[in-house]
Number of protein chains: 2
Amino acid sequence: MDAEFWVYFGTFQWNVPILNSKPESSQVPSSRKPPRPNQRKRPTILDVARRAGVSKSLVSLVIRGDARVSPSNRGAVLEAVAELGYRPNAMARGLVQRRTRMVGVVVSDLSNPFFGDVVSGIQRRARELEYTVLFSTGDRQQDLEVEAIESLLELRVDGLILAGPRIEFETIEGFGRSAPLVVLHRPTADDWSDSVTNDDPKGAQIAVEHCASLGHTRIAHIDGGPGAGAQARREGYEQAMHRLGLERHILVVTGGFTEKPGRRGAQELLSRRPLPTAVFAANDLCALGALNAFEESGLTIPEDISLLGYDNTSVAALRHVSLTSIHQPSVRMGRMAVDRLFERIDKGRTEPRHDVVSPSLVVRDTTGPVPGGGE
Amino acid sequence: MDAEFWVYFGTFQWNVPILNSKPESSQVPSSRKPPRPNQRKRPTILDVARRAGVSKSLVSLVIRGDARVSPSNRGAVLEAVAELGYRPNAMARGLVQRRTRMVGVVVSDLSNPFFGDVVSGIQRRARELEYTVLFSTGDRQQDLEVEAIESLLELRVDGLILAGPRIEFETIEGFGRSAPLVVLHRPTADDWSDSVTNDDPKGAQIAVEHCASLGHTRIAHIDGGPGAGAQARREGYEQAMHRLGLERHILVVTGGFTEKPGRRGAQELLSRRPLPTAVFAANDLCALGALNAFEESGLTIPEDISLLGYDNTSVAALRHVSLTSIHQPSVRMGRMAVDRLFERIDKGRTEPRHDVVSPSLVVRDTTGPVPGGGE
DNA sequence: TCGAGCGATTGGAACGTTCCAATTTCAGGC
DNA sequence: GCCTGAAATTGGAACGTTCCAATCGCTCGA
């Protein structure tokens with residue numbers, strides 16, 4: 001068996017395989033062998049140059065779109081390029097230019113629809129700035145997430161965006177020392193990274209105030225459990241309740257960021273008396289779990305209980321669901337992340353910047369006036 | 001303004017910017033300027049070698065985990081690596097090795113929850129085979145999709161997986177000539193690429209048979225419009241209806257793969273008399289749109305109308321939705337795609353292989369017996 | 001007719017690795 | 001003390017680009 005040896009020094013982490021004396025026995029399936037050239041040898045800039053009868057430098061100029069090349073030579077080169085099926089080698093280019101015009105994006109969970117919009121914003125802004133985006137994901141596991149980041153850094157991306165990272169803060173800070181880094185959806189406060197987050201306490205406040213404006217007083221909260229954003233939303237809820245003079249109605253039960261814990265949280269709420277008339281859930285999926293539990297127990301939404309989610313995912317927008325939710329401007333946040341990176345990479349900014357954007361309320365069909373006039 | 005000039009030759013496509021005589025005026029914002037080295041110079045293998053008092057070759061051996069290095073030297077090198085915060089440069093390595101151990105995955109639409117599982121399968125299998133996965137997406141646009149693929153190929157990924165590509169068949173075939181290529185969720189039949197698809201006609205047949213087994217005869221279909229998989233599902237539906245002797249009940253209305261067209265399709269169905277008692281929609285989102293339209297018109301599901309989706313996405317599984325659907329083994333399909341790639345890259349397979357996996361039925365709460373005994 | 005000046009073109013030196021063949025080191029047997 | 005061979009280590013040549021300074025070839029004015 002191979003041993004794994006972790007070198008850890010300061011803020012830097014990297015794993016080195018240590019083999020035992022038996023050489024390539026327990027290695028990868030069988031693949032360290034001579035890599036069979038499946039495809040025929042790829043043409044290089046030199047092949048193009050030969051074919052076009054010019055120097056490699058001239059080919060390079062044409063490829064980069066330099067204006068000083070004579071039309072005839074440009075034509076000849078382009079022709080040779082097409083004939084040979086030449087495709088520039090980004091590695092060679094990156095090596096000499098020492099920059100890649102690539103940004104790496106690590107998404108903690110690609111299957112969460114919430115990240116779709118973020119990714120879309122990143123993609124579009126990056127394109128405007130002529131950057132290429134490479135995504136990677138830890139598939140919900142911390143160690144894979146670190147591996148993904150490492151790979152991207154080894155590829156020498158010019159900058160890194162971590163969308164909702166699940167890894168430890170110290171690790172993140174270490175990466176920030178290696179490359180320009182923007183953290184999305186999770187606040188950082190160090191000198192090495194930027195962050196773009198939404199104002200969770202504010203969002204919670206908006207949710208509570210919406211309920212209050214509909215006459216609700218017994219407003220409960222199903223929280224996000226141990227998750228990162230959970231605390232901020234819970235505290236926002238509590239503060240808002242205080243501010244409205246509803247502190248004696250504060251009621252928080254444990255939930256989570258997916259359907260099942262939301263369901264369980266709601267079931268716990270159902271055992272309390274008097275029942276709350278409005279429930280603010282940690283996020284949309286959590287709210288959906290709650291919705292299900294309420295419906296099963298014979299309550300109707302929003303007549304008996306009003307329900308709010310958070311994140312305004314595509315699921316909340318489905319008309320069959322039509323969940324009132326707190327919206328984060330995800331697309332814009334994605335764009336902002338790229339802008340922060342751009343400032344560091346191309347404008348030379350070095351002082352950290354931490355942006356907080358405001359959430360907003362999207363009223364749909366799961367919230368309504370308090371039944372029977374409250375209390 | 002910059003002009004864009006497309007070189008197209010045979011199966012190869014690549015865009016070359018052509019500048020007008022004014023040099024760097026209307027260029028990118030301002031970024032072609034000297035790239036400011038935001039971070040301090042990165043240590044190279046030579047720095048490590050100097051610090052550890054050994055040759056660069058020895059450092060290279062340690063990093064790659066070669067067993068022949070003496071323990072003392074290994075220790076010294078590792079120490080130097082940690083002290084300097086050295087991270088190997090994948091570009092330099094890839095350049096000389098002429099392989100990268102990276103596979104590129106282009107997902108047509110990252111916000112579609114359907115691809116979450118596929119990606120997960122790809123990710124896990126790739127990790128087992130010690131490949132790194134790089135994702136990219138066209139964000140639903142054809143030209144961006146091509147750009148994404150180009151970028152990955154310029155990076156010299158060892159292989160490429162296209163998940164539900166929206167680009168033309170000829171273009172795909174061209175890419176298959178440049179690198180090992182697996183197409184997911186869309187059949188190909190050429191000699192240059194492999195494909196992994198689900199058996200759409202079979203899935204449609206299962207859906208229809210499920211309805212029939214519940215006593216339904218007036219089974220309608222809301223199709224996927226002009227989309228790629230739409231045709232196969234529609235034809236599967238029609239064939240199954242024939243086989244069951246229900247050809248006179250065949251009823252297809254135009255829909256699409258998202259909620260809105262599904263809604264419209266359902267509305268059209270509602271104008272037909274007699275109403276169908278079961279509806280098979282092109283996919284889950286389409287079915288959700290239909291569900292909404294039916295509910296709005298006062299029908300209850302499944303008492304008045306049974307409803308089926310396709311793809312068995314996470315949305316269908318939400319208990320509040322609980323949509324009967326046709327399941328594709330997405331995770332497995334992702335794994336298979338990586339395996340096909342591996343066979344081409346490391347095993348030297350060259351003959352194409354086209355796998356078709358079987359879909360299956362997931363019964364939930366939107367299908368039930370035919371109301372009143374049919375006809 | 002000649003050089004100045006300018007645009008177009010070129011060859012060589014990087015970039016940071018791995019690979020390979022060659023060299024050094026060292027233990028052990030005679 | 002020397003030779004042998006294996007193990008450990010090494011320097012130089014790739015890999016495919018871009019960058020830079022230098023050169024080439026014209027046109028034009030004196």
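A note on names: the letters A, B, ... follow the listed sequences, proteins ahead of strands, and every chain is numbered from 1.
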*Asks:* Report yes or no: does Ser60(B) contribute a side-chain atom to a donor-acceptor pair with the main-chain N or O of Lys56(B) at less than 3.5 Å?
*Replies:* no
*Asks:* Return the 5'-most residue of the pair Arg156(B), Leu61(B) with respect to DNA chain D, ranking by each residue's nearest nucleotide.
*Replies:* Leu61(B)
*Asks:* Can you check the Arg98(A) CZ to dC20(D) C1' distance for me, whole Å?
*Replies:* 15 Å
*Asks:* Rounding to an integer number of Å, can you tell me how far Arg74(A) CZ sits from dG7(C) P?
*Replies:*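 Distance check: Arg74(A) CZ to dG7(C) P gives 16 Å.
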*Asks:* Specify the separation, in whole Å, of atom CE of Met91(A) and atom C1' of dC15(C).
*Replies:* 13 Å
*Asks:* Of the candidate nucleotides dT18(D), dT10(C), dG16(C), which contains the atom at the shortest distance from the side chain of Arg93(A)?
*Replies:*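 Within the option list, the nearest is dT18(D).
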*Asks:* Side chains of Arg74(B) and Ser70(B): is there a donor and an acceptor less than 3.5 Å apart?
*Replies:*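 On atom types as modelled, these side chains do not qualify, holding no pair under 3.5 Å.
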*Asks:* With distance as the sole criterion, do the side chain of Ser57(A) and the base of dG11(C) form a donor-acceptor contact below 3.5 Å?
*Replies:* yes
*Asks:* Nearest heavy atom decides the nucleotide; on that basis, is Lys56(B) or Ala92(A) closer to the 5' end of DNA chain D?
*Replies:* Lys56(B)
*Asks:* Could you give the CG-to-C1' distance, from Leu84(A) to dG16(D), as a whole number of Å?
*Replies:*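 It works out to 15 Å between those atoms.
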*Asks:* Looking at dT9(C), dT18(D), dT9(D), which one has an atom nearest to any side-chain atom of Val96(A)?
*Replies:*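 Given the options dT9(C), dT18(D), dT9(D), the side chain of Val96(A) is closest to dT18(D).
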*Asks:* Just checking, any donor-acceptor pair under 3.5 angstrom between side chains of Thr132(B) and Arg101(B)?
*Replies:* no
*Asks:* Once you round it to whole Å, what is the distance between C1' of dT9(D) and CG of Leu58(B)?
*Replies:*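 Roughly 6 Å, once rounded to whole Å.
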*Asks:* Give a yes or no on whether a salt bridge exists between Arg353(B) and Asp194(B), defined as a side-chain N under 4.0 angstrom from a carboxylate O.
*Replies:*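 No, Arg353(B) and Asp194(B) are not salt-bridged.
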*Asks:* Please report, rounded to the nearest Å, how far the P atom of dT17(C) is from the CG atom of Asp66(B).
*Replies:* 17 Å
*Asks:* Check the side chains of Arg87(A) and Ser178(B) for a donor-acceptor pair under 3.5 angstrom, ignoring hydrogens and angles.
*Replies:*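 Yes, a side-chain donor-acceptor pair sits under 3.5 Å.
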*Asks:* Have Ser120(A) and Arg124(A) got a donor and an acceptor in their side chains that come within less than 3.5 Å?
*Replies:* yes
*Asks:* Which is more 5' along DNA chain C, the nucleotide nearest Leu95(B) or the one nearest Ser70(A)? Just name the residue.
*Replies:* Ser70(A)
*Asks:* Any residue in residues 44-53 of chain B with a heavy atom nearer than 4.0 angstrom to DNA chain D? Just list them by number, or reply none.
*Replies:* none
*Asks:* If only atom types and distance count, is the side chain of Asp158(A) paired as donor or acceptor with the main-chain N or O of Thr100(A) below 3.5 Å?
*Replies:*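 Side chain of Asp158(A) to backbone of Thr100(A): a pair is present.
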*Asks:* Can you tell me if Gln97(A) touches the phosphate of dC19(D), counting only side-chain N or O atoms and a distance under 4.0 Å to OP1 or OP2?
*Replies:* yes
